[in-house]
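We use all heavy atoms of the structure for the numbers below, so side chains are in, but hydrogens, waters and symmetry mates are not.
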Amino acid sequence: MMRSITTLLFCAVLLTSCKSDKSNSTHKGQDKSLSIAEKIANAHGYENWKNVSEVQFTFKVDRDSVKGKGRNWVWQPKSDNITLTMGEEIITYKRSAMDSTHIAADRAFVNDKFWLFVPFQLVWDTSANVSDSKIALAPISQTDMQMITLSYPDDRGGYTPGDAYDIYFDDNYLIREWTFRKGNSPEPTLSTTFENYQDFKGIKIAIDHKRPDANWNLNFADVSVALE
């Protein structure tokens, strides 16, 4: 998805679908018959997604005292109509009928939407792989958490094939941290928190994603969810 922290913000993670893991993990409040992917998605309100008619959000990155201007998105998931506003520029397109002039905007959309809806990508991305869960040391808090790895195949990788994400979640299946590994490399490329969860019509979204080694916050503003 990125060759550096800077290019992360303008590259896209892939929007394929991921294979559900049939783990029998027994965290509280969850049906044992559900996969780990489904349990995490449901903990973030996935049951409400079927009623969503429109999502609006601004993706931005604040560094030190500099506030990012961001990209504002309006997404109508049932029709897959998308509008990007960035400064004075406005781009509108339909993902199922886009042409080459929309590729740059769509890469940005896939990236920004992936950060916003990571828990849902676990069930949307059925061509990716979700590992069994295990106890692992979270990279930022340095506490033991449950961890799964979401990995994308090299041959069906959308914009960025082969990437992997180690996802750390709590006993309520809420994601708390993750590590991105470009090209499934053994070394981490980027680790951030998932914090400041807010509820939007029953859908829980982590507004802030902070790095442990910098005054850096990838965050969302102007978030709204409209239901049918």
Side-chain angles (χ1 to χ4, degrees), residues 1 8-18 20 37-62 67-128 150 158-160 165 167 173-175 178 192 194-209 217-228:
M1 176 178 67
L8 160 72
L9 309 178
F10 301 98
C11 295
V13 290
L14 102 124
L15 184 63
T16 54
S17 320
C18 86
S20 292
E38 291 167 329
K39 291 176 181 179
I40 293 173
N42 287 346
H44 293 79
Y46 186 65
E47 300 98 326
N48 299 304
W49 180 255
K50 63 183 180 296
N51 300 318
V52 173
S53 59
E54 185 175 277
V55 177
Q56 297 190 39
F57 64 96
T58 298
F59 172 98
K60 61 193 185 73
V61 177
D62 301 330
K67 301 295 184 181
K69 294 181 178 180
R71 296 186 286 254
N72 178 264
W73 298 97
V74 178
W75 177 28
Q76 297 170 326
K78 295 185 183 304
S79 63
D80 232 0
N81 290 322
I82 295 166
T83 298
L84 164 64
T85 302
M86 194 164 51
E88 298 299 317
E89 184 179 20
I90 299 176
I91 299 172
T92 299
Y93 68 101
K94 188 182 185 72
R95 294 202 78 232
S96 60
M98 66 181 190
D99 59 33
S100 60
T101 64
H102 301 130
I103 294 298
D106 194 59
R107 288 176 67 95
F109 171 72
V110 170
N111 179 77
D112 299 0
K113 186 262 300 178
F114 190 96
W115 278 90
L116 188 72
F117 288 125
V118 172
F120 297 174
Q121 297 292 157
L122 291 171
V123 294
W124 285 339
D125 291 0
T126 55
S127 68
L150 172 67
Y159 291 127
T160 54
Y165 303 82
I167 297 172
Y173 291 87
L174 288 180
I175 298 174
W178 76 346
T192 74
F194 278 61
E195 56 186 280
N196 189 17
Y197 271 96
Q198 297 182 22
D199 191 296
F200 299 91
K201 306 292 179 63
I203 293 175
K204 296 177 181 178
I205 294 173
I207 297 299
D208 295 304
H209 303 271
N217 182 18
L218 186 154
N219 60 97
F220 297 97
D222 312 313
V223 179
S224 66
V225 173
L227 305 182
E228 289 182 324

A.B. asks: Go through it in stages, so that I can follow the logic: the residues are Y159 and D106, the test is side chain to side chain donor-acceptor pair (under 3.5 Å), and I'd like the CA-CA distance, side-chain angles, deciding distance and then a yes or no.
C.D. replies: CA-CA 10 Å; Y159 291 127; D106 194 59; 2.6 Å; yes
A.B. asks: What's the spacing between I91 CD1 and T83 OG1 if we round to 0.5 Å?
C.D. replies: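 The OG1 atom of T83 is 10.0 Å from CD1 of I91, to the nearest 0.5 Å.
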A.B. asks: Please tell me if the side chains of W178 and V118 come closer than 4.5 Å, counting only heavy atoms from C-beta onward.
C.D. replies: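 A side-chain contact exists here, since the closest heavy-atom pair is under 4.5 Å.
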A.B. asks: Given the rule in the side chain to side chain donor-acceptor pair (under 3.5 Å) test, do D80 and W75 qualify, once you have shown the distances and angles that lead to the verdict?
C.D. replies: CA-CA 7 Å; D80 232 0; W75 177 28; 3.0 Å; yes
A.B. asks: For N48, what residues pass the side-chain contact (heavy atoms from CB on, under 4.5 Å) criterion, not counting sequence neighbours?
C.D. replies: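 side-chain contact (heavy atoms from CB on, under 4.5 Å) check on N48 returns I203.
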A.B. asks: Might you work through the side-chain contact (heavy atoms from CB on, under 4.5 Å) test for D112 and W115, ending with a clear yes or no?
C.D. replies: CA-CA 5 Å; D112 299 0; W115 278 90; 5.6 Å; no
A.B. asks: Where is the tightest heavy-atom contact between S53 and P77, given as atom of each residue plus distance?
C.D. replies: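 Smallest interatomic distance, heavy atoms only, reads O-CD, 3.5 Å.
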A.B. asks: I would like to know whether F57 and V55 meet side-chain contact (heavy atoms from CB on, under 4.5 Å); could you show each step before the answer?
C.D. replies: CA-CA 7 Å; F57 64 96; V55 177; 3.9 Å; yes
A.B. asks: Working to the nearest 0.5 angstrom, can you tell me the gap between E54 CD and K78 NZ?
C.D. replies: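 Those atoms lie 12.5 Å apart.
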A.B. asks: Closest approach of R95 and I82, non-hydrogen atoms and distance?
C.D. replies: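 That would be CG-CD1, 3.1 Å.
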A.B. asks: Yes or no on side-chain contact (heavy atoms from CB on, under 4.5 Å) for F194 and I167, after CA distance, side-chain angles and deciding distance?
C.D. replies: CA-CA 10 Å; F194 278 61; I167 297 172; over 6 Å; no
A.B. asks: Going by the rule salt bridge (charged side-chain N to carboxylate O under 4.0 Å, His left out), which residues pair with E195 if we only count those two or more places apart in sequence or in a different chain?
C.D. replies: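 Listed in chain order: K210.
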A.B. asks: Listed by chain and number, what are the ring pair (Phe, Tyr, Trp, His ring centres under 6.0 Å) partners of Y93, not counting sequence neighbours?
C.D. replies: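 H102.
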A.B. asks: Atom CD1 in I90, atom CG in L84: separation rounded to 0.5 Å?
C.D. replies: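 I90 CD1 to L84 CG: 9.0 Å, rounded to 0.5 Å.
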A.B. asks: Give me the atom names and distance for the closest heavy-atom approach of A43 to L174.
C.D. replies: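 Closest approach of A43 to L174, heavy atoms only: O-CD2, 3.8 Å.
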A.B. asks: Measure the spacing between CG of L122 and OH of Y165 and express it to the nearest 0.5 Å.
C.D. replies: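 Atom-to-atom, L122:CG and Y165:OH are 11.5 Å apart.
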A.B. asks: Please check if the side chain of N219 supplies one atom and the backbone of N217 the other of a donor-acceptor pair under 3.5 Å.
C.D. replies: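 Between the backbone of N217 and the side chain of N219 there is a qualifying donor-acceptor contact (under 3.5 Å).
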A.B. asks: Are W73 and F59 near enough that their ring centres are under 6.0 Å apart?
C.D. replies: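 Not under 6.0 Å, so no.
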A.B. asks: Name all residues meeting the side-chain contact (heavy atoms from CB on, under 4.5 Å) criterion together with D199; count only those two or more places apart in sequence or in a different chain, and write none if there are none.
C.D. replies: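 Applying side-chain contact (heavy atoms from CB on, under 4.5 Å) to D199 gives K204.
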A.B. asks: State the CD-CD1 distance between Q198 and I207, to the nearest 0.5 angstrom.
C.D. replies: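 The CD1 atom of I207 is 4.5 Å from CD of Q198, to the nearest 0.5 Å.
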A.B. asks: Could you list the donor-acceptor pairs under 3.5 angstrom formed by side chains in residues 220-228, with sequence neighbours left out?
C.D. replies:
from: D222; atom 1: OD2; to: T58; atom 2: OG1; distance (Å): 3.0

A.B. asks: Could you pull out all residues at least two apart from K67 that satisfy side-chain contact (heavy atoms from CB on, under 4.5 Å)?
C.D. replies: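 Partners of K67 by the side-chain contact (heavy atoms from CB on, under 4.5 Å) criterion, ordered by chain and then number, come out as D62.
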A.B. asks: For the residue pair F109 and F114, is the inter-centroid distance of their aromatic rings smaller than 6.0 Å?
C.D. replies: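 Ring-ring flag for F109/F114: false, centres at least 6.0 Å apart.
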A.B. asks: Distance-only, no hydrogens or angles: does the N72 side chain make a donor-acceptor pair with backbone N or O of T85 under 3.5 Å?
C.D. replies: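 No: the side chain of N72 does not pair with the backbone of T85.
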A.B. asks: Any non-hydrogen side-chain atom of V123 less than 4.5 Å from a side-chain atom of I40?
C.D. replies: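 Answer no - side chains too far apart.
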A.B. asks: Going through the checks in order, is the side-chain contact (heavy atoms from CB on, under 4.5 Å) test met by L116 and I205?
C.D. replies: CA-CA 7 Å; L116 188 72; I205 294 173; 3.6 Å; yes
A.B. asks: Aromatic ring centroids of Y197 and H44 under 6.0 Å?
C.D. replies: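 Aromatic pair counts; centres sit under 6.0 Å.
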